[in-house]
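Reviewing the structure listed below.
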Protein chains: 2
Amino acid sequence: MANSVAQDSGESLLFLTDEQVRKGIEAMFFAYRGFTADPDRILEGMDYGRAHHRAIHFIHRSPATTVSNLLMILGVTKQSLNRVLRSLIEDGLVEALVGKRDKRERHLHLTEKGLALERSLSDAQRVRMRSAYRAAGPAAVQGFRQVLEAMMDPELRRQFQTLKEGGV
Amino acid sequence: MANSVAQDSGESLLFLTDEQVRKGIEAMFFAYRGFTADPDRILEGMDYGRAHHRAIHFIHRSPATTVSNLLMILGVTKQSLNRVLRSLIEDGLVEALVGKRDKRERHLHLTEKGLALERSLSDAQRVRMRSAYRAAGPAAVQGFRQVLEAMMDPELRRQFQTLKEGGV
DNA sequence: ATTTTAGGACAGCCTTGTTGACTTTCCAAG
DNA sequence: CTTGGAAAGTCAACAAGGCTGTCCTAAAAT
C-alpha cells in the first residue's frame with residue numbers, strides 16, 4: 001500500500017489512501033458517541049431524549065424562533081418536532097407565544113426551568129469539548145472546524161453560518 | 001462577552017468563550033448529518049438502515065470478527081445487532097462461519113454481494129470525506145483527527161486505536 | 001458434573017423518525 | 001368583499017431501531 005506516502009503528516013492530500021480516509025470515518029463515528037454521551041446521561045431518567053436536547057439547544061440559540069424555522073434547522077418532520085415540543089411545553093420548559101403579526105406562527109422561548117436544563121446540558125457537553133480542544137491544541141481546533149464545515153451539505157452549511165453570526 | 005479575547009485565531013485556548021465552544025458543538029451536529037447523508041440515501045429503498053451500514057462497515061474492517069466483538073465495537077445490545085445480522089445473513093450479504101477452535105463463536109464475513117454494497121456505501125462516504133479534506137487542507141485534517149480522538153470516551157478511544165493498527 | 005460463555009430467538013417496551021389528513025390563519029386575484 | 005390557495009401548526013397512526021428480560025442450545029472451562 002501507498003501508506004508511507006501519506007504518512008508524512010499529510011503534506012500531499014491527493015495521495016491519502018482509502019484506508020486513511022476510512023479512519024477519518026471511524027473517528028467521526030466514535031467521536032460522535034462521545035459527543036452525545038454526557039447529555040444522554042443527564043436526560044436518561046427524565047422523560048427526555050436527544051430530540052428534546054436538540055430542540056432546547058436551538059430554541060436557546062435563537063429565541064422567538066418559529067416552529068417552521070426550527071424544522072429547517074433540525075431537518076426532521078413536523079410531527080417529530082411537535083411531539084417533542086408538546087412535552088416540553090406541558091412540562092413548562094418552553095413557552096409558545098402566538099405571533100403578533102402572523103397569528104399562525106408560534107414564537108418559542110425557554111422558561112426559567114428550560115434555561116436551567118439547557119445550562120446543565122450544555123455545560124456537560126462543553127466540558128468535554130473544551131477538554132478535547134485543550135488536549136489537541138489551538139491549531140488542531142482550527143482544522144477541526146474547517147473540516148467539519150467542509151463536510152456539511154451546502155444548504156446546512158449556510159444555516160450553520162447564519163447561526164454563527166449571532167454567536168461570534 | 002469576552003469574544004474578542006478568543007477571536008485571535010484561538011492562540012489562547014484557555015480563553016475560548018462558551019459561545020465559541022458552542023459553535024463547535026453545532027458544527028459537530030451539522031457535519032454528522034452530512035456524514036451520514038450519502039449512505040442513508042443509498043440504503044433508503046433497500047430494506048436497510050444505518051444499523052446495517054454500521055455492521056457491514058465493521059465486518060468489512062475486521063473480517064472473521066465474532067458477534068461479541070462486534071457488540072463491543074458498536075455499543076448496542078445483542079438483540080439490536082441480532083436483528084440486523086439476521087437480515088443480512090438471510091439476504092446473503094454476510095456469512096457466519098462456525099469457529100474452528102471455539103465452535104461457539106461465529107466468524108462474520110461479507111459475501112461478494114456484501115462486499116459490493118460495502119463498496120458502494122463507503123465510496124459515497126469517502127467521496128465526501130475526501131473532498132472535505134481537500135477543501136480544508138492537510139494541516140486541518142491533522143487537527144480534525146486530533147480533536148475527534150480527544151473527544152472519544154477513553155474506552156472507545158482504545159478500540160479506535162486498536163482498529164487503526166490494521167489500517168495505517 | 002457443574003458452571004460459564006457465545007450465540008440465538010422471542011416478547012414487549014420506548015424514542016424518534018415517517019406520512020397523511022385536518023384546522024386556522026393569511027393573502028391575493030377575481 | 002369574497003373565495004381559493006398556501007402556510008403554520010396539530011394530531012393519528014405506523015415503522016425503524018434502540019432497549020430489557022427471559023429462555024434455549026452447544027461448547028468450553030472448572
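For clarity, every value in this text was computed on a predicted model and none was experimentally measured. Order of the sequence lines fixes the chain letters, A, B, ..., with proteins taken first and strands second; residue numbering starts at 1 for each chain.
Following rounding to the nearest Å, H107(A) (NE2) and dG9(D) (C1') show an atom-to-atom distance of 13 Å. Rounded to an integer number of Å, the gap from NZ of K78(A) to C1' of dA12(D) is 14 Å. Rounded to whole Å, the distance from CG on L81(A) to C1' on dA8(D) is 12 Å. Between the P atom of dA21(C) and the CG atom of N82(A) lies a distance of 18 Å, rounded to the nearest Å. D40(A) places its CG atom 12 Å from the C1' atom of dG18(D), with the value rounded to the nearest Å. When rounded to the nearest whole Å, the span between CG of D47(A) and P of dC19(D) equals 19 Å. As a whole-Å value, the separation of N69(B) CG from dT5(C) P is 17 Å. Distance CE (M72(B)) to C1' (dA6(C)): 13 Å, rounded to an integer number of Å.
With salt bridges taken as basic N to acidic carboxylate O contacts below 4.0 Å, one links D40(B) and R50(B).
The phosphate of dT16(C) (OP1 or OP2) has no side-chain N or O of S80(A) nearer than 4.0 angstrom.
Mapping R50(A) and R101(A) onto DNA chain C by nearest heavy atom places R50(A) at the nucleotide closer to the 5' end. Residue order along DNA chain C, read from the 5' end via each residue's closest nucleotide, puts T66(B) first among K100(A) and T66(B).
Take R41(A) and apply the salt bridge (charged side-chain N to carboxylate O under 4.0 Å, His left out) test, not counting sequence neighbours, and it matches D38(A).
In the set dA8(D), dT16(C), dG18(D), dT16(C) carries the atom at the smallest distance from any side-chain atom of H52(A). Closest approach to the K103(B) side chain among dT20(D), dT25(C), dA28(D) is made by dA28(D) (side chain taken as heavy atoms from C-beta onward). Counting only heavy atoms from C-beta on, A51(A) has its side chain closest to dG17(C) among dG8(C), dG21(D), dG17(C). Comparing atom distances between the R106(A) side chain and each of dG17(C), dA27(D), dG9(D) picks out dG9(D) as nearest. Closest to the side chain of R83(B), out of dG9(D), dA13(D), dG18(D), is dG18(D). Distance from the side chain of R104(A) is smallest to dA7(D) among dA7(D), dG18(D), dG9(D). The side chain of Q79(B) lies closest to dG21(D), out of dG21(D), dG18(D), dA6(D). Side-chain proximity of T77(A) to dG17(C), dG9(D), dT19(C): nearest is dT19(C).
Each of R119(A), R126(A), Q125(A) was compared with D123(A) under the side-chain hydrogen bond (donor to acceptor under 3.5 Å, both in side chains) criterion, and only R126(A) meets it. For the pairing with I89(A), the side chain to side chain contact (heavy atoms under 4.5 Å, CB included) check across V94(A), T111(A), V84(A) returns one residue only, V94(A).
Closest heavy-atom contact between R130(A) and D18(B): NH2-OD1, 2.6 Å.
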